[in-house]
Amino acid sequence: MPAKKLNLRKRYELLTRGMGWETTYQKMDDVFPYDSFEGIKITDWDKWEDPFRLTMDSYWKFQAEKEKKLYAVIDSFAQNNGQTNLACASYLSAIKLFITGVTPLEYGAHRGFAHLGRHFRGDGARIACQMQAIDELRHAQTQVHTISHYNKHFSGLHDPFHQFDRVWYLSVPKSFIEDAMSSGPFEFITSISFAFEYVLTNLLFVPFMSGAAYNGDMATVTFGFSAQSDESRHMTLGLEIIKFMLEQHEDNLPIIQRWMDKHFWRAYRLLGLVAAMQDYMLTNSPMSWKEAWEVYFVENGGALFEDLSRYGLKMPKYHELATAEADHISHQIWSVFCSLGNATGFHTFLPTEEKMAWLSEKYPDTFDKYYRPRFEYWAEQKKAGTFEYQKGLPQLCQVCQIPMVFTEVQTDPMQISYRVTEHGGDKYHFCSDGCKDIFEHEPEKYVQAWLPVHQIYQGNCGGPTLPEVLDWYKFKPEDSGDYIGSKDYHRWQEWKGADKKVKQA
Amino acid sequence: MAIIAKDGYVDNVRDRVENFHGNQLVYVGWDDHLLFSAAWAFPLPPEMPFQGLVSEVMPGSFNDHPDFEKIDWTSVEWVLDGKSFLPDMDKSLKDNGVGHKSLIRFKTPGLMGVNGTRL
């Protein structure tokens, strides 16, 4: 008689509780050397509950079905020349930023969760992290496969992983993920699963995926749908781990609050790139950064922290500033990209009249007053043929590594926000109190930051001239500069005739 | 404040002045001229006279701005690392107190950017 088939719950229990044991030949602390130095106290790992109770066989089956569908769509997209249905080829600047700046984050998250999948002492948490490690690797892979179709036709998509390790603005996402990866396992999971995936991920995925849908990029939309069910599982894991740590010991609260403050700010700064993408790079924007911030952070995030207040967890520090900055950051970041557009791996372009009218409507308090004048000034220069990219390398923030473009939005939005501290006899500069606090808590960590501007001046980036540095990045001449007149632009013109969507204001 | 790492950190201050081949880093930002989104970073010899910074280094990055040629350098207000100061143009950066990773900000009274927009 065949053995009775176990139900899912029983199988999950055996998988997550039956496969771990108390070691005797080696001390448990030697087997799991990473889970104590952060100061998090866990008294009973068995209290860990994975809300999804996913077993390997069901994971395998479910993911295989999803990927079969995804690859069928990618195939038909390629066969039907789906790239010609885009709203405009300039939209691909967003995809170029995604593949170079976000896809390597997925891979970094994969490595981080693989580490946790080995080093958490609790077997339930290990299994959850192992599954997420596979998810993240799949996401990196499926993004590469989806976007590689565009690489056949357009510039700037050829070497994302090489560029992630070198390019000046890609050091922003790189330093973000490496900050988390070089932390202990509890901080890593707080950073990635909670601060990023639970609190802020909608600000990344919703604009990208609905932006893709608004701009005819069905390949990216399909990838987004495929990843969505994983993302909701990751978010649940994020919330679970926070509650688990908070319930295990009261001493954990201040540590978690500090991580929450830190990684909220880190992730929020990183998302400044998404803000620029959403408001400027998308030909058709489904919603503004400010609207997204109001819905996904102010409303949803507010409700979440309300819920977590029973554990004593408070809203992350400086969240009020982030909300005040929502009126500004997309314009500030797009301005710096436009002014240094000969050194970006995607095309920049000034907002059209139509786009500026939309920005005035979405940002009634700030766009016309502070930002429209600079775009109009540059547009005039372009018309007169006198526009030049700026000549110089900008000062960077020691922590977020973004050029120091942010301003004192609460007192004087035209004054750059400068912060500085000293450590070991050297000065360190920051864009905000949020970044300064992070440094001052762990200066020994952040004095090691690989700041691209400083590395160029130290002679570590291919040479002293711009062409040498760009070559070292593996940027090809056709990858950079204004969209108008680029290779992508001419190709699009050949396919579409006169381009009505993006022309100079 | 705290070192939170399993085995501590190796001492790796990546931007110590010795790594810049005899130069030191100096940041220069022009207040009320936000066409330049951020201050510029320059690697400069500490012995360079302040005048050299003004007449040889700064024009390369700032002179695209229509205000630049209108600057009356005698009326410029300088701020070094958060404190207002009066540079001695003939003395070196070092002797003016400009150190590694110092931030120099300058204000140009009467010049408030393109059409007075602080751009």
Side-chain angles (χ1 to χ4, degrees), chain A residues 33-34 36-39 182-184 187 332-333 335-340 370 373-374 377-378 386 388 390-396 398 402-405 407 414-416 418 420 423-429 431 440-445 447-451 453-460, chain B residues 1-21 23-44 57-66 79 81-82 99-103 105 112-119:
Chain A
Y34 291 97
S36 49
F37 71 83
E38 299 167 277
S182 56
S183 303
E187 184 178 349
Q332 293 170 338
I333 291 181
S335 296
V336 73
F337 279 141
C338 285
S339 67
L340 298 171
Y370 302 115
R374 74 188 66 175
Y377 179 77
W378 284 331
T386 57
E388 283 191 63
Q390 295 181 356
K391 297 177 218 61
L393 303 182
Q395 182 183 24
L396 305 179
Q398 184 76 21
I402 297 175
M404 301 244 311
V405 303
T407 60
M414 292 300 280
Q415 172 58 56
I416 288 175
Y418 290 108
V420 68
H423 178 78
D426 276 323
K427 295 180 183 66
Y428 293 91
H429 297 269
C431 68
E440 286 181 337
H441 192 77
E442 293 178 88
E444 291 82 0
K445 182 168 189 175
V447 296
Q448 305 179 53
W450 195 94
L451 297 179
V453 166
H454 298 180
Q455 289 301 311
I456 290 170
Y457 287 146
Q458 288 182 28
N460 299 329
Chain B
M1 195 173 93
I3 292 182
I4 308 152
K6 183 173 162 291
D7 302 310
Y9 289 115
V10 291
D11 182 27
N12 184 12
V13 179
R14 206 174 290 270
D15 292 326
R16 61 175 88 247
V17 68
E18 293 79 26
N19 297 348
F20 288 86
H21 314 289
N23 291 321
Q24 63 180 21
L25 278 182
V26 178
Y27 307 107
V28 184
W30 189 359
D31 281 6
D32 302 316
H33 287 78
L34 266 191
L35 271 186
F36 305 107
S37 301
W40 298 119
F42 302 105
L44 304 174
V57 177
M58 285 165 56
S61 289
F62 288 109
N63 72 2
D64 283 345
H65 197 291
V79 176
D81 295 322
H100 181 47
K101 295 204 274 178
S102 273
L103 168 67
R105 289 163 58 185
M112 292 298 278
V114 178
N115 305 321
T117 54
R118 301 173 74 191
L119 285 175

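Every chain is numbered from 1 and lettered A, B, ... according to where its sequence line falls, protein lines coming before strand lines.
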> Relative to chain B, which segment of A/Trp450 carries a heavy atom at a distance below 4.5 Å: side chain, backbone, both, or neither?
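For A/Trp450, the contact with chain B is made by backbone and side chain together.
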> Among B/Pro43, B/Ala38, B/Ser61, who wins on heavy-atom pairs under 4.5 Å with chain A?
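Of the candidates given, the most pairs with chain A belong to B/Pro43.
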> Please classify the contact between A/His429 and chain B as side chain, backbone, both or neither, with a heavy-atom cut-off of under 4.5 Å.
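Answer is side chain: those atoms of A/His429 sit under 4.5 Å from chain B.
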> For B/Phe62, is it the side chain, the backbone, both or neither that has a heavy atom under 4.5 Å from a heavy atom of chain A?
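For B/Phe62, there is no contact with chain A at all, as no heavy atom is under 4.5 Å.
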> Let's test your reading of the structure: which of B/Asp64, B/Leu35, B/Val10, B/Thr117 forms the most heavy-atom pairs below 4.5 Å with chain A?
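Top count of heavy-atom pairs under 4.5 Å with chain A: B/Leu35.
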> Check whether B/Asp81 gets within reach of chain A through its side chain, its backbone, both or neither, counting any heavy atom under 4.5 Å.
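Contact with chain A involves the side chain of B/Asp81 alone.
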> For A/Thr407, check side chain to side chain donor-acceptor pair (under 3.5 Å) against everything at least two apart and list the hits.
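In terms of side chain to side chain donor-acceptor pair (under 3.5 Å), with neighbours along the sequence ignored, A/Thr407 is linked to A/Gln332.
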> Where is the tightest heavy-atom contact between B/Asp15 and B/Asn19, given as atom of each residue plus distance?
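Here B/Asp15 and B/Asn19 meet closest at N-ND2, 4.4 Å.
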> Relative to chain A, which segment of B/Val114 carries a heavy atom at a distance below 4.5 Å: side chain, backbone, both, or neither?
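Answer is side chain: those atoms of B/Val114 sit under 4.5 Å from chain A.
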> Among the options A/Met404, A/Gln390, A/Glu388, pick out the one with the most heavy-atom pairs lying under 4.5 Å from chain B.
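If we count pairs closer than 4.5 Å to chain B, A/Gln390 comes out on top.
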> For the atom pair NE2 (A/His423) and CD (A/Gln398), what is the distance rounded to the nearest 0.5 Å?
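Nearest 0.5 Å value for the NE2-CD distance: 10.5 Å.
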> Please determine, among A/Ala449, A/Gly184, A/Ser182, the option with the most heavy-atom pairs under 4.5 Å with chain B.
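It is A/Ala449.
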> A/Val453 versus chain B, heavy atoms under 4.5 Å apart: side chain, backbone, both or neither?
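Just the side chain, heavy atoms under 4.5 Å.
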> Where on B/Asp31 is there a heavy atom nearer than 4.5 Å to chain A: the side chain, the backbone, both, or neither?
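Just its side chain gets close to chain A.
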> Checking heavy atoms, do the side chain of B/Leu25, its backbone, both or neither come under 4.5 Å from chain A?
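Contact with chain A involves the side chain of B/Leu25 alone.
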> Distance from A/Arg374 atom CZ to B/Arg118 atom CZ, nearest 0.5 Å?
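So the CZ of A/Arg374 and the CZ of B/Arg118 are separated by 11.0 Å.
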> Quick one: pull up CH2 in B/Trp40 and CD in A/Gln395 and give me the separation to the nearest 0.5 Å.
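So the gap between those two atoms works out to 11.5 Å.
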> So which of B/Ala39, B/Gly60, B/Gly99, B/Gly82 has the largest heavy-atom pair count under 4.5 angstrom toward chain A?
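When all of B/Ala39, B/Gly60, B/Gly99, B/Gly82 are compared, B/Ala39 has the most.
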> Crowded around B/Asn115 CG? As in, over 12 foreign heavy atoms under 6.0 Å?
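Atom CG in B/Asn115 is not crowded, with 12 or fewer foreign heavy atoms closer than 6.0 Å.
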> If I take atom OH from residue A/Tyr457 and atom CG from residue A/Leu451, how far apart are they, to the nearest 0.5 angstrom?
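If we round to the nearest 0.5 Å, A/Tyr457:OH and A/Leu451:CG are 13.0 Å apart.
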> If you round to the nearest 0.5 Å, how far is OH of A/Tyr34 from OG of A/Ser183?
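That separation rounds to 13.0 Å.
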> Indicate yes or no for a side-chain donor-acceptor contact from B/Gln24 to the backbone of B/Ser102 under 3.5 Å, with no hydrogens or angles considered.
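Answer holds: no.
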> Chain B heavy atoms under 4.5 Å from A/Ser335: which part of the residue, side chain, backbone, both or neither?
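A/Ser335 touches chain B through backbone and side-chain heavy atoms alike.
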> Using residues 2-9 of chain B as the side-chain source, report each donor-acceptor pair under 3.5 Å to any protein atom, sequence neighbours left out, with the distance given to one decimal.
none

> Apply the test side-chain contact (heavy atoms from CB on, under 4.5 Å) to residues A/Leu393 and A/His454: give CA-CA distance (whole Å), side-chain angles for both, the deciding distance (0.1 Å), then the verdict.
CA-CA 9 Å; A/Leu393 303 182; A/His454 298 180; over 6 Å; no
> Would you mind checking which part of A/Leu340 comes under 4.5 Å of any heavy atom in chain B, side chain (CB onward), backbone (N, CA, C, O), both or neither?
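Interface part for A/Leu340: side chain.
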> Side chain from CB out, backbone as N, CA, C, O: work out which of these in B/His21 comes under 4.5 Å of a heavy atom of chain A, or both, or neither.
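For B/His21, side-chain heavy atoms alone lie under 4.5 Å from chain A.
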> Among the options B/Arg16, B/His100, B/Arg105, pick out the one with the most heavy-atom pairs lying under 4.5 Å from chain A.
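Answer, by heavy-atom pair count under 4.5 Å with chain A: B/Arg105.
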> Checking A/Gln455 against chain B: side chain, backbone, both or neither under 4.5 Å from a heavy atom?
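It is the side chain, since no backbone atom gets that close.
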> Tell me if a side-chain donor or acceptor on B/Asp32 pairs with a main-chain N or O of B/Gly113 at a distance below 3.5 Å.
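Side chain of B/Asp32 to backbone of B/Gly113, a donor-acceptor pair under 3.5 Å: no, none is there.
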> For chain B, find which of A/Gly424, A/Gly392, A/Cys431 contributes the most heavy-atom pairs closer than 4.5 angstrom.
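So the answer, after comparing A/Gly424, A/Gly392, A/Cys431, is A/Gly392.
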